Amino acid sequence: MEYDFRAIEQRWQAKWKAGDAYKVTEDPSKEKFYVLDMFPYPSGAGLHVGHPLGYIASDVYARYKRHQGYNVLHPMGYDSFGLPAEQYAIQTGQHPAVTTEANVARYREQLDQLGFCYDWSREVRTSDPAYYRWTQWIFAELFESWYDTTADRSKPIASLLDALNSDGLSTVKPACDGDWWKVLPAGKYPWDESFDGRLTADQWKACDAIAQSHILMQFRLAYLADSEVNWCPALGTVLANDEVKDGLSERGGHPVVRKRMRQWIMRISAFSQRLIDDLNSLDWTDSIKEAQRNWIGRSEGASVHFGVAGHPERTIEVFTTRPDTIYGASFMVLAPEHELVELLTSAGQQEAVTAYQTAAAQKSERERQGAGDHEVSGCFTGGYAVHPITEDKIPVWIADYVLAGYGTGAIMAVPAGDERDWKFAKAYGLSIPAIFEGVDTDEAVYTDKDKALCNSGAFNGQTPVEAIPAAIAFLEGKGVGKGQVNYRLRDAVFSRQRYWGEPFPVCYEGDIPQLIRDEQVTLPPVDAYLPTEDGDPPLARAKKEDWNVTRGDRMEYNTMPGWAGSSWYFLRYMDPHNNTEFCAREKSDYWGQVDLYVGGAEHTTGHLLYSRFWTKFLFDRGWIGFNEPFKRMINQGMILGRSNFVYRVQGTDQFVTSERRKEFQTQRLHVDINLVQSDKLDMEGFRAWRPEYANAEFILNEEGDYLCGHEVEKMSKSKFNVQTPDDLVERYGADTLRCYEMFLGPLTQHKPWDTQGISGVHNFLRKLHRLFNQTASGSAATDPQYRVLHKTIKKVSEDLDRHAFNTVISALMIAVNELLEAKTQNAELLRPLAILASPVAPHLAEELWQLSGGVNSVLDQAWPVAEEHWLTADEETYPVSFNGKVRFQLTVPADLDAKSVENQALAHEKAQDYLAGKTVRKVIVVPGRIVNIVVG
RNA sequence: GCGGGUGUGGUGAAAUUGGUAGACACGCUGGAUUUAGGAUCCAGUGCCGCGAGGCGUGUGGGUUCGAGUCCCUCCACCCGCACCA
């Protein structure tokens, strides 16, 4: 009987669907296992063969865990808010929901044909109001929370109000901007210029409601603030730091500039240390953990206050990791945007400073970073700072290389010990005090830490390692500085000036935002998906009656960023239809952390950071019982395309075969891989492909073929190298495609797609099918056949445990080859093999399970156990080597002791050739492995 | 510059604790068969050599009876971050 994969796959997909085979419910009697895929953004292009790689791997693992008796949660959904649908809407006027719906349907169709074991009753879509209602709820709870830095926990805002009313800020330390009282919007506050942030209960109570709400805003975890944001004019929206690459937007590659805007912001920075510390509890690769640490960017050092000459009441605060080098600070540099620039600038320098500031503001982020080559530029303010120890007056400059967004936006420049400061000093002729013993820092900068300090007062003779803590203590004693830990991680901008995202559950009364919590705010229809003429976001176009809720003076016009919905979706799968909570605590207690998270490595840094942040927040507030979302994570490698090329002789319609292209001046052109078989071009097909090739003539090779060139590169439409899973499922079946993608190589590695190899895997499934079709009643299984089975059980189980899916397929191939060779006909023996094959080839496995007399579905069969006695052979064959070179094989009884093995090896007739005239110095016998005879 | 990773046949790769390098496939070569197909079956296939044998896991060294695996050096490529004080 032929392997009719179409009939088999259709039959079982229909039966599984009819029987709800993949539906799971909480079952306290069973141990749970949560296997999650990164849910896709449903793009219009559909899936290519690279997309399902991770889905197949997680599916295989989920099925394996189910066989092992776990209650497996394996859901799927869509990250369905996003830019492409909106941009399509801008162009066509079609509502993004319509585009999204169509794309989702297409994705579902493609996913279904691969036979995944998703429980589709748990599907979520981030753009579904029933879902984003809870994204809005989490936002609202963040708004209603503050971060207690003493307890290192998020707490409800009510507890902060209690504290403010009774003790002001004397007993609580909420996470906030350092100088929160300086950035308050205009209003009436009961304090004067000298206020330093130590708010008393009386002052608090003396504030009116508006002032109180402004103050409270400074402590909320979701807060509104004017801040420098990454503004992308082409996209008309702000972007988060991780959405900007090299000063260009990640999507579309448009220039990004800095702009000051009032935005919703998430206080993720309060979680910095926990986000670093808790990485230790996770089973992730070092590279992902490192990327997280890198992004958070912790550095230890000191904050130091320099005086301002002529303004004894003001100080310039800087952060430094090298407080030991403070005696070498010969000038200061402020970011051009620094608030003290105005005060410091002398009349004579005013013009130059303003020009420099203007130029800096107009530069794009990319230009400002010098696009890699770090040119020095700066401008003297004309003002001076006072060194906190020597009390010398040192000049203050502004320069691009000091970033407003890091530290305090100001540095003490130590040219002797810092590369950039040194370059800057050289460029502008500033002094470079020598502070390292025996180092001429006039010639080159010295950044190592193994020379003692000099010209450094009390620190003279100490190495930096000793001097750093000493310097911190000294500065603290003098009251001009203190030890400090700094993080690169900034608070995350949470507003987007787009239509296709979650609307905020917020309205405004004046400029005071009010939460709307009793009714869900849904996206109103708009007449166009572009900003208004006043530059307001698209939602400002909605008329009052278009909103389902209108309150206050106006609604919030911004929407939430793409990462909002994807930061908690793994929780919603646990309780997807709950309309009173985002997820019932009993459900999240049962399902717990994601045990295995599979996805691409491309955009994970931000996603992981944000999901971890929200998870910690929800944990702090007691809504879930774990503080990290993903216990273990695997990044699948990218499947690369294999492009084909034709070579057109320049200025002609002639195309030359790859072997002879050097004889001509040619132009290399991508050709559709569907027109190429084993690099041979279908010339007729090529002519028919595109009108400009209709008259193509070919210069062929000796065999009369046209051979195409090839190269491995990313799959993309424009390279005509996209392979869709649909074609392959049609031709070989889902099981073949699943097995082939797993067989291709280690999951985590990038690898080129090569359709040719698929025939080997397809053959394997045909042979497996044949093996079961040759069973005969009454035929007994032999011992060697049992050994093959149990060896395979062991190998497949171990390989699945360590996610080595490629060798699982090899092991099954070997088993099938050997069992066919051994003419196995016993159904009893074969049945466990169907279970072993079921994770990778579920349809065929089910068919063969039934065929071999299995009861119920193969899906629920217990995973077979390898029996030890079948794993040991009666005889053992040792490779016998002389001085490490294997010379012959020696077969002995398996239970023979090492000494006897040694004797037999030495007595072996072939050994005599190698022993002649030599003395045996040593014999090593590794039981079950090898015999090595050392002669000399 | 910093951090992470990878280098093994013509190709994808295997070798889990140091123990026969190249399993399993693809491709290729030869043969058989055939309803001529992108089918099936058999044999061969790391390199050099007629052979015995020698050489082989990016380079060079080291440890060891034994190294793809451990240590040091250098090289190449890929990915992430990057004027972060």
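Just so it is clear, the structure is predicted and the values come from calculations on it, not from any experiment. What's counted below: heavy atoms across the whole structure, side chains too, no hydrogens, waters or symmetry copies. Note on naming: letters A, B, ... go to the chains in the order of the sequence lines (proteins, then strands), and numbering restarts at 1 for each one.
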Listed nucleotide nearest any side-chain atom of [X], set [options]:
X: A:P752; options: B:rG27, B:rG12, B:rG53; value: B:rG12
X: A:F743; options: B:rG27, B:rC24, B:rA85; value: B:rC24
X: A:N763; options: B:rA23, B:rU40, B:rA85; value: B:rU40
X: A:I814; options: B:rC84, B:rG12, B:rA23; value: B:rA23
X: A:A291; options: B:rA13, B:rU20, B:rG80; value: B:rG80
X: A:R766; options: B:rA39, B:rU20, B:rA85; value: B:rA39
X: A:D286; options: B:rC81, B:rG12, B:rG4; value: B:rG4
X: A:T807; options: B:rC83, B:rG54, B:rA14; value: B:rA14
X: A:I930; options: B:rC84, B:rG19, B:rU16; value: B:rG19
X: A:L403; options: B:rC26, B:rA85, B:rG53; value: B:rA85

Between protein and nucleotides 64-67 of chain B, what N or O pairs are separated by less than 3.5 Å?
residue, atom, partner, partner atom, Å
B:rC65, O2', A:N932, ND2, 3.2
B:rC65, O2, A:N932, ND2, 2.7

Considering only the [atom1] atoms, how many Å lie between [N] and [M], rounded to the nearest integer?
N: B:rU64; M: B:rG19; atom1: C1'; value: 12 Å
N: B:rU16; M: B:rG60; atom1: P; value: 25 Å
N: B:rU33; M: B:rC77; atom1: C1'; value: 47 Å
N: B:rG61; M: B:rG12; atom1: P; value: 28 Å
N: B:rC71; M: B:rG27; atom1: P; value: 39 Å
N: B:rA67; M: B:rA52; atom1: C1'; value: 27 Å
N: B:rA82; M: B:rU69; atom1: P; value: 35 Å
N: B:rC70; M: B:rG5; atom1: P; value: 12 Å

Base, sugar-phosphate alone, or nothing: which one does [X] contact when heavy atoms must sit under 4.0 Å apart?
X: A:N817; value: sugar-phosphate
X: A:R642; value: nothing
X: A:Y878; value: nothing
X: A:D421; value: nothing
X: A:Q749; value: sugar-phosphate
X: A:R490; value: nothing
X: A:S287; value: sugar-phosphate

Flag side-chain contact, heavy atom, 4.5 Å: [X] against [Y]:
X: A:H762; Y: A:F5; value: yes
X: A:Y406; Y: A:S299; value: yes
X: A:L890; Y: A:Q904; value: yes

Checklist line | A:W284 six-ring centre to A:R632 NZ/CZ under 6.0 Å and within 45° of normal | finding: no
Notebook entry, point to check: When you match A:Q889 and A:A811 each to their closest nucleotide on RNA chain B, which lands nearer the 5' end?
Noted result: A:Q889
Item checked: Residue met sooner reading RNA chain B from 5', once A:I758 and A:V926 are mapped to nucleotides -> A:V926
Rounded distance (Å) that lies between atom [atom2] of [N] and atom [atom1] of [X]:
X: A:L747; N: B:rA14; atom1: CG; atom2: P; result: 12 Å
X: A:Y740; N: B:rA13; atom1: OH; atom2: C1'; result: 11 Å
X: A:I288; N: B:rC81; atom1: CD1; atom2: C1'; result: 15 Å

Check: Is there a donor N/O on one and an acceptor N/O on the other, under 3.5 Å, for the side chain of A:R929 and the base of B:rU17?
Finding: yes
Next item on the list: Give the C-alpha distance, both sets of side-chain angles, the deciding distance and a yes or no for salt bridge (Lys or Arg N to Asp or Glu O under 4.0 Å) between A:E713 and A:R642.
Entry: CA-CA 6 Å; A:E713 41 187 7; A:R642 190 175 185 279; over 6 Å; no
Check: With pairs taken as Watson-Crick or G-U wobble and both distances under 3.5 angstrom, which stems of at least three consecutive pairs involve RNA chain B?
Finding: B:1-7 with B:75-81, B:10-12 with B:24-26, B:27-32 with B:40-45, B:46-48 with B:53-55, B:60-62 with B:70-72
Margin query: With a cut-off of less than 4.0 Å, is there a side-chain N or O of A:R488 near OP1 or OP2 of B:rC81?
Written below: no
